[in-house]
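Proteins come first, then strands; the chains are lettered A, B, ... in the order of their sequence lines, and each starts at number 1. The model shown is predicted, which means the values in this text are computed figures rather than measured ones.
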2 protein chains.
Amino acid sequence: MSDRRNKLEDLAQQVVQQNGLKGLSFRTLADEIGIKSSSVHYYFPEKSDLAQALIARYSETIFERLEAIAKNPNTLQKKVLAFIAIFEQVAKDEKLCMCGMMAAEVESLSTANRDALSDFFSGMERWLTSQLVEHAEELSSQLSPTKLAKILISGLEGALLVDRVAGTNQRLKAQKELFLSWLV
Amino acid sequence: MSDRRNKLEDLAQQVVQQNGLKGLSFRTLADEIGIKSSSVHYYFPEKSDLAQALIARYSETIFERLEAIAKNPNTLQKKVLAFIAIFEQVAKDEKLCMCGMMAAEVESLSTANRDALSDFFSGMERWLTSQLVEHAEELSSQLSPTKLAKILISGLEGALLVDRVAGTNQRLKAQKELFLSWLV
DNA sequence: GTCTATATACAGATAGAC
DNA sequence: GTCTATCTGTATATAGAC
């Protein structure tokens, strides 16, 4: 992967997490890097190609981190708090989860983009579910691990969304406490 | 309020809930109504004026419904299920909460728009909190009503977001079960 | 209130030179 | 790989006639 391609993706991802895919233009992207928009089209012929690359890249980054968390022997509490910390870092930069942002724009995405987005969320849920199952003895909730995973992940996505408008982190904190309430 | 103005707002709201404010143009809005975009500017000089009207209108509609739910003597379970049903109706139309959608676009909104959005979410949380407090004896959670309200509302917003991508209603259902798990 | 006409800006995308 | 140049479409917004 070329360095330039990488820099384009870095910058594009940041813009998408703040302003959305519709808030990102090949022109401004090129300007910030110091090239022309036609050169950006060299790397990403269409905008949907850029979006696809961004989703793939973001997914890779996140799932690598999740794998590292899972591999490291630890309590469920520590593991999931490390998971939640990923969202907290996003919130601190006044951004959204990149895939959460694109989810809001799903009507204007290609079907490949949509599928990749859908895979991202189901992958995160699968990861969290497997952690909850693996540490079942540390859980005290009456709800199934699958449901708990769906609840927490959509809760975290929504918390990022609403907290950013309010300029606080109260909802993210509340979601964290929700998780803690599920532990024995 | 003129009939035309109303029809413009009706249509605009629907488009925003599906495609976002950036996905709404004065031109297409005018076309669908059968007038020219300059005539839309007669009602809403700038796009931020339209956005402000939409948020005010949406808030009014929702809070009227919440007031009706609160006024009608009922169990906490029935009241909150009626609250959740508002989200379920939105999901059925493959839309987002209009304010949830605009929350994703907050970086490109006027400060008045942001403040109105923030008020919408805090108003919903205040309503839900007051219901939880009023029916405290029906609750069994260790978390405070304020936190439960924040958890459920951001959870519902996130569930709409993620479910729409996945084309299911699993996360909304899971959030509903989460609420039910809080009852005695 | 609605129109025509237009100003201005910006979007995604492509052709072809270098 | 990057450029210049350009096509084409669309956006917000305004002026002024009717």
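Rounded to whole angstrom, the span from the CG atom of A:D3 across to the P atom of D:dG1 amounts to 11 Å. In this structure, B:R4 places its CZ atom 12 Å from C1' of C:dC3, rounding to the nearest Å. Regarding A:L29, its CG atom lies at a distance of 13 Å from the P atom of C:dA13, rounded to whole Å. Straight-line distance from the CD1 atom of A:I33 to the C1' atom of D:dC3: 17 Å, rounded to whole Å. Computed from coordinates, the A:L8 CG to D:dT2 C1' distance equals 12 Å when rounded to whole Å.
When the nucleotides D:dG1, D:dT4, C:dT2 are ranked by their closest atom to the side chain of B:Y42, C:dT2 comes out on top. Among the nucleotides C:dC3, C:dG1, D:dG1, the one closest to any side-chain atom of B:K36 is C:dC3.
When the side chain to side chain contact (heavy atoms under 4.5 Å, CB included) test is applied to B:E64, the partners found at least two apart in sequence or on another chain are B:E60.
Between B:E177 and A:K147 a salt bridge is recorded (basic side-chain N to carboxylate O distance below 4.0 Å).
Taking 4.5 Å as the limit, some side-chain heavy atom of B:M124 sits within range of a side-chain heavy atom of B:F83. By the 4.5 Å heavy-atom criterion applied to side chains, A:L66 and A:L128 are not counted as neighbours.
Among residues at least two apart or in separate chains, salt bridge (charged side-chain N to carboxylate O under 4.0 Å, His left out) pairs with a member in residues 120-141 of chain B are A:R171-B:E125, B:K79-B:E134, B:E125-B:K150.
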>> One character per nucleotide, please: for nucleotides 6-12 of chain C, 5' to 3', B when the base has a protein heavy atom closer than 4.0 Å, S when only the sugar-phosphate does, - otherwise.
In response: -----BB
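The shortest distance between the side-chain N/O atoms of B:Y43 and the OP1/OP2 oxygens of C:dT2 is below 4.0 Å. Between D:dG1 and A:S39, no contact under 4.0 Å exists linking OP1 or OP2 to a side-chain N or O.
Residues B:N113 and B:S48 have side chains that never bring a donor and an acceptor to within less than 3.5 angstrom of each other.
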